[in-house]
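Here you go, one structure.
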There are 2 protein chains.
Amino acid sequence: MHTEYQDQVTVFKAFCDENRLQILEMLRSGEKCACKLQENLDIGQSSLSYHMKILCDSGVVVSWQVGKWTHYKISEQGCERAKEMLEAISTTNPTDEDTNCC
Amino acid sequence: MHTEYQDQVTVFKAFCDENRLQILEMLRSGEKCACKLQENLDIGQSSLSYHMKILCDSGVVVSWQVGKWTHYKISEQGCERAKEMLEAISTTNPTDEDTNCC
DNA sequence: ATATTATATCGAAATATTTTGATTTGAGGT
DNA sequence: ACCTCAAATCAAAATATTTCGATATAATAT
């Protein structure tokens with residue numbers, strides 16, 4: 001249906017789940033591979049993989065392969081994009097106050 | 001279970017739904033009452049009320065009554081809080097790179 | 001007091017997200 | 001080639017969110 005806000009939804013979804021926030025906190029101290037992340041989480045392997053996909057889709061995290069391991073880190077660029085989006089969403093622009101109400 | 005990230009979830013939920021993003025966009029041009037918001041949305045009255053509750057719970061929007069109307073506007077303070085949270089979440093702090101992996 | 005209007009709340013249904021366990025894929029190692 | 005391991009994917013179940021219609025509440029008007 002309306003798809004105009006889909007990008008923003010995809011980005012902010014990264015921050016709307018406690019497991020993902022915990023993962024992001026772990027990544028703040030530097031890149032980690034999935035197995036390292038898994039150690040500190042109370043979820044199964046496929047569930048972690050699911051959350052990592054959402055985080056990567058948001059652009060806030062990037063992943064790359066090293067042998068059979070997948071490494072993850074926070075993307076500076078992705079975070080900047082999220083901040084810009086939040087700035088844009090929250091900046092008021094009271095040009096047509098007259099159309100307000102009732 | 002773990003409740004440590006609940007505050008952040010509550011805040012960012014505001015930005016994770018297309019209807020709510022559309023509502024926020026409408027509020028960017030100034031305060032509005034529910035009936036005005038409703039005009040531009042394709043959802044029922046109780047559904048709008050539900051979304052407004054989520055937005056107010058996040059702190060990003062504030063509401064107040066004027067007679068029988070409820071008015072809503074974007075909260076500068078609430079937005080600042082959201083931005084600070086995002087900053088905190090996304091700031092990397094690579095002090096213990098050694099504990100990273102594998 | 002009664003009626004009207006705007007919004008909130010409730011319970012149930014519809015829909016979306018998350019978890020789980022099983023399977024698959026793909027990189028190494030033997 | 002075969003085995004092992006890390007991670008992704010799949011289908012189904014579990015859970016959470018969103019919507020809808022009905023009702024409740026609270027302010028105002030008659």
Side-chain angles (χ1 to χ4, degrees), chain A residues 1-3 5-24 26-27 31-58 60-73 100-102, chain B residues 1-3 5-24 26-27 31-58 60-73 100-102:
Chain A
M1 204 147 287
H2 47 155
T3 183
Y5 301 103
Q6 196 53 62
D7 275 10
Q8 296 173 37
V9 170
T10 303
V11 170
F12 290 107
K13 229 168 218 170
F15 312 117
C16 282
D17 175 273
E18 303 202 29
N19 284 313
R20 293 196 286 273
L21 287 169
Q22 197 175 349
I23 292 164
L24 287 170
M26 288 190 257
L27 293 178
E31 64 180 77
K32 302 273 182 302
C33 73
C35 51
K36 193 85 190 177
L37 294 171
Q38 182 107 50
E39 284 174 15
N40 297 300
L41 291 166
D42 215 27
I43 57 178
Q45 181 269 320
S46 63
S47 197
L48 175 61
S49 187
Y50 166 78
H51 287 299
M52 296 321 293
K53 181 157 167 41
I54 289 176
L55 285 169
C56 290
D57 286 352
S58 78
V60 168
V61 171
V62 288
S63 72
W64 67 102
Q65 299 294 130
V66 178
K68 39 185 176 175
W69 293 275
T70 308
H71 286 234
Y72 300 96
K73 68 172 179 184
N100 287 353
C101 220
C102 276
Chain B
M1 204 145 287
H2 47 155
T3 182
Y5 301 103
Q6 196 52 63
D7 275 11
Q8 297 172 36
V9 170
T10 303
V11 169
F12 290 108
K13 229 168 218 172
F15 312 117
C16 282
D17 175 274
E18 303 203 30
N19 284 311
R20 293 197 285 273
L21 287 169
Q22 197 173 350
I23 291 164
L24 286 170
M26 288 190 258
L27 292 178
E31 63 179 77
K32 303 274 182 302
C33 73
C35 51
K36 193 84 191 176
L37 293 171
Q38 181 106 49
E39 284 174 16
N40 298 299
L41 291 166
D42 217 27
I43 56 177
Q45 180 269 320
S46 63
S47 197
L48 175 59
S49 187
Y50 166 78
H51 286 299
M52 296 321 294
K53 181 158 167 40
I54 289 176
L55 286 169
C56 290
D57 286 352
S58 79
V60 168
V61 170
V62 288
S63 71
W64 68 100
Q65 299 293 131
V66 178
K68 41 185 175 173
W69 291 275
T70 308
H71 288 234
Y72 300 97
K73 69 172 177 184
N100 286 355
C101 220
C102 277

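In this text the structure is predicted, and so the values were computed from the model without any measurement. Numbers restart at 1 for each chain; the letters A, B, ... are given by sequence-line order, proteins then strands.
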Worksheet entry | Spacing of B/Lys32 atom NZ relative to C/dA6 atom P, expressed in whole Å | 18 Å

Practice prompt. State, yes or no, whether a side-chain contact exists between B/Trp64 and B/Glu31 at a heavy-atom distance under 4.5 Å.
Written response: yes

Worksheet entry | Intermediate values then yes/no, side-chain contact (heavy atoms from CB on, under 4.5 Å), B/Leu27 and B/Leu37 | CA-CA 9 Å; B/Leu27 292 178; B/Leu37 293 171; 4.1 Å; yes

Worksheet item: Does the side-chain contact (heavy atoms from CB on, under 4.5 Å) test come out yes or no for A/Phe15 and B/Val11, once each step is laid out?
Response: CA-CA 9 Å; A/Phe15 312 117; B/Val11 169; over 6 Å; no

Worksheet item: Looking across every strand, which nucleic acid part, if any, lies under 4.0 Å from B/Thr70 by heavy atom: base, sugar-phosphate, or nothing?
Response: sugar-phosphate

Worksheet item: Is there a side-chain contact between B/Ser49 and B/Lys53, using heavy atoms and a 4.5 Å cut-off?
Response: no

Worksheet item: Between atom NZ in A/Lys68 and atom P in D/dC3, what is the gap in whole Å?
Response: 15 Å

Discussion item. Just the rounded figure in Å: distance from P of C/dT4 to CH2 of B/Trp69.
Written reply: 16 Å

Response to the item:
Between CG of B/Leu37 and C1' of C/dA6 the distance, given in whole Å, is 13 Å

Worksheet entry | Nearest-Å distance for atom pair NZ/C1', residues A/Lys36 and D/dA7 | 18 Å

Practice prompt. Can you tell me the distance, in whole Å, between the CD atom of A/Gln65 and the P atom of C/dT25?
Written response: 16 Å

Fill in: Taking every non-hydrogen atom, the tightest pair across A/Cys16 and B/Lys13
SG-N, 3.4 Å

Practice prompt. Assign each of A/Val66 and B/Tyr72 to its nearest nucleotide of DNA chain C by heavy atoms, then name whichever residue's nucleotide is nearer the 5' end.
Written response: B/Tyr72

Worksheet item: Any donor and acceptor pair, going by atom type alone, linking the side chain of A/Gln38 with main-chain N or O of A/Ile43 inside 3.5 Å?
Response: yes

Would you tabulate the nitrogen or oxygen pairs shorter than 3.5 Å linking the protein to nucleotides 16-22 of chain C?
residue: C/dT17; atom: OP1; partner: A/Lys13; partner atom: NZ; Å: 2.6
residue: C/dT18; atom: OP1; partner: A/Arg20; partner atom: NH2; Å: 3.3
residue: C/dT18; atom: OP2; partner: A/Arg20; partner atom: NH1; Å: 3.4
residue: C/dT18; atom: OP2; partner: A/Tyr50; partner atom: OH; Å: 2.7
residue: C/dT19; atom: OP1; partner: A/Asn19; partner atom: ND2; Å: 3.0
residue: C/dT19; atom: OP2; partner: A/Ser47; partner atom: OG; Å: 3.0
residue: C/dT19; atom: OP2; partner: A/His51; partner atom: NE2; Å: 2.3
residue: C/dG21; atom: O6; partner: A/Ser46; partner atom: OG; Å: 3.0

Worksheet item: Rounded to whole angstroms, how far apart are CE on B/Met52 and C1' on C/dA8?
Response: 13 Å

Worksheet item: A/His71 NE2 to D/dA8 C1': how many Å, rounded?
Response: 16 Å

